[in-house]
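Start at 1 and go down the list; that is how both ligands and their atoms are numbered. These numbers come from the heavy atoms of this one structure, side chains and all, not from hydrogens, waters or symmetry mates.
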Amino acid sequence: MRLTPQDALVIVDVQNDFCAGGSLPVATGADVARTMSRAAAVFSEQGARVYATQDWHPEGHSSFVESGGPWPPHCVQGSRGAEFHPELHLPAGHEVIQKGSDPAVDAYSGFLDSDLEDRLKTAGVNRVFVGGLATDYCVLNTVLDARRLGFETYLLTDAIGAVEMKPGDGERAIARMVAAGAIRVELAAVVERTSG
Ligand code: VGL
Ligand code: ZN
């Protein structure tokens with residue numbers, strides 16, 4: 001698989017609040033941060049683009065329990081929990097996509113309430129490679145939107161982690177993404193074939 005400027009890595013919500021010690025932690029969050037850092041370095045070296053989405057809620061967001069939503073407060077704008085995980089290293093030229101700023105809308109997808117689609121289309125991107133957190137929410141919805149918008153979409157299966165409010169949610173999310181036409185691939189395979 002040769003990467004080109006028409007390829008994009010989309011790093012979904014690798015933020016402190018979704019990792020150990022955060023308010024909505026995924027156990028393997030730090031591993032995902034390290035794997036996505038490696039992915040970002042390779043994509044950048046090969047001339048492909050790197051986008052990082054950031055859940056970016058105002059205080060009292062409608063998705064928080066205090067406002068009648070399902071989640072503990074998380075990724076509040078400007079807080080430490082909203083920062084990218086310290087082991088996520090992003091290459092020069094990466095772009096950050098903030099979403100979830102509308103107090104009334106829970107934007108799980110990186111495409112919702114953001115200009116990600118415009119940025120990808122303006123850049124001529126037609127293939128997206130998606131990993132990050134969490135498999136069963138923001139990765140799921142980002143991948144489903146990418147498919148709906150016509151992007152050839154790869155799910156990086158060794159660079160995702162699920163919240164699993166219910167056991168099995170992660171696997172069910174993967175099945176939905178595959179049913180929507182996403183192609184499962186391990187980062188190792190992308191890297192191997194790229195550098196070979
Ligand atoms: C997410 C729950 C609430 C995610 C964001 O990034 O998957 N999950 N907000
Ligand atoms: Zn959120």
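Of the possible polar contacts, one joining the H61 side chain to the V105 backbone as a donor-acceptor pair under 3.5 Å is found. In this structure, the side chain of E59 does not engage the main chain of V76 through any donor-acceptor pair within 3.5 Å. Looking only at distances, a side-chain donor or acceptor of D158 sits under 3.5 Å from a matching main-chain atom of L187. At distances below 3.5 Å, at least one donor-acceptor pair connects side-chain atoms of Q15 with backbone N or O atoms of A82. At least one donor-acceptor pair closer than 3.5 Å links the side chain of Q77 to the backbone N or O of W56. With hydrogens and angles ignored, the 3.5 Å screen pairs a side-chain donor or acceptor of S37 with a backbone N or O of E87.
Legend: salt bridge (charged side-chain N to carboxylate O under 4.0 Å, His left out) pairs involving residues 172-190, not counting sequence neighbours, sorted by first then second residue: D169-R172.
The number of protein N, O or S atoms lying under 2.8 Å from the Zn ion (ligand 2) is 3.
Using a cutoff of 4.0 Å between basic side-chain nitrogens and carboxylate oxygens, D55 and K99 are scored as salt-bridged.
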List, for ligand 1, each N/O atom that has a protein N/O partner under 3.5 Å away, with both atom names and the distance.
residue: ligand 1; atom: 6 (O); partner: D13; partner atom: OD2; Å: 2.6
residue: ligand 1; atom: 6 (O); partner: L133; partner atom: O; Å: 3.4
residue: ligand 1; atom: 7 (O); partner: A134; partner atom: N; Å: 2.9
residue: ligand 1; atom: 7 (O); partner: C138; partner atom: N; Å: 3.0
residue: ligand 1; atom: 9 (N); partner: D55; partner atom: OD2; Å: 3.0
residue: ligand 1; atom: 9 (N); partner: H74; partner atom: NE2; Å: 3.0

Listed pairs under 3.5 Å, donor-acceptor, residues 18-31 side chains, sequence neighbours left out:
residue: S23; atom: OG; partner: P73; partner atom: O; Å: 2.8
residue: D31; atom: OD1; partner: R34; partner atom: NH2; Å: 2.9

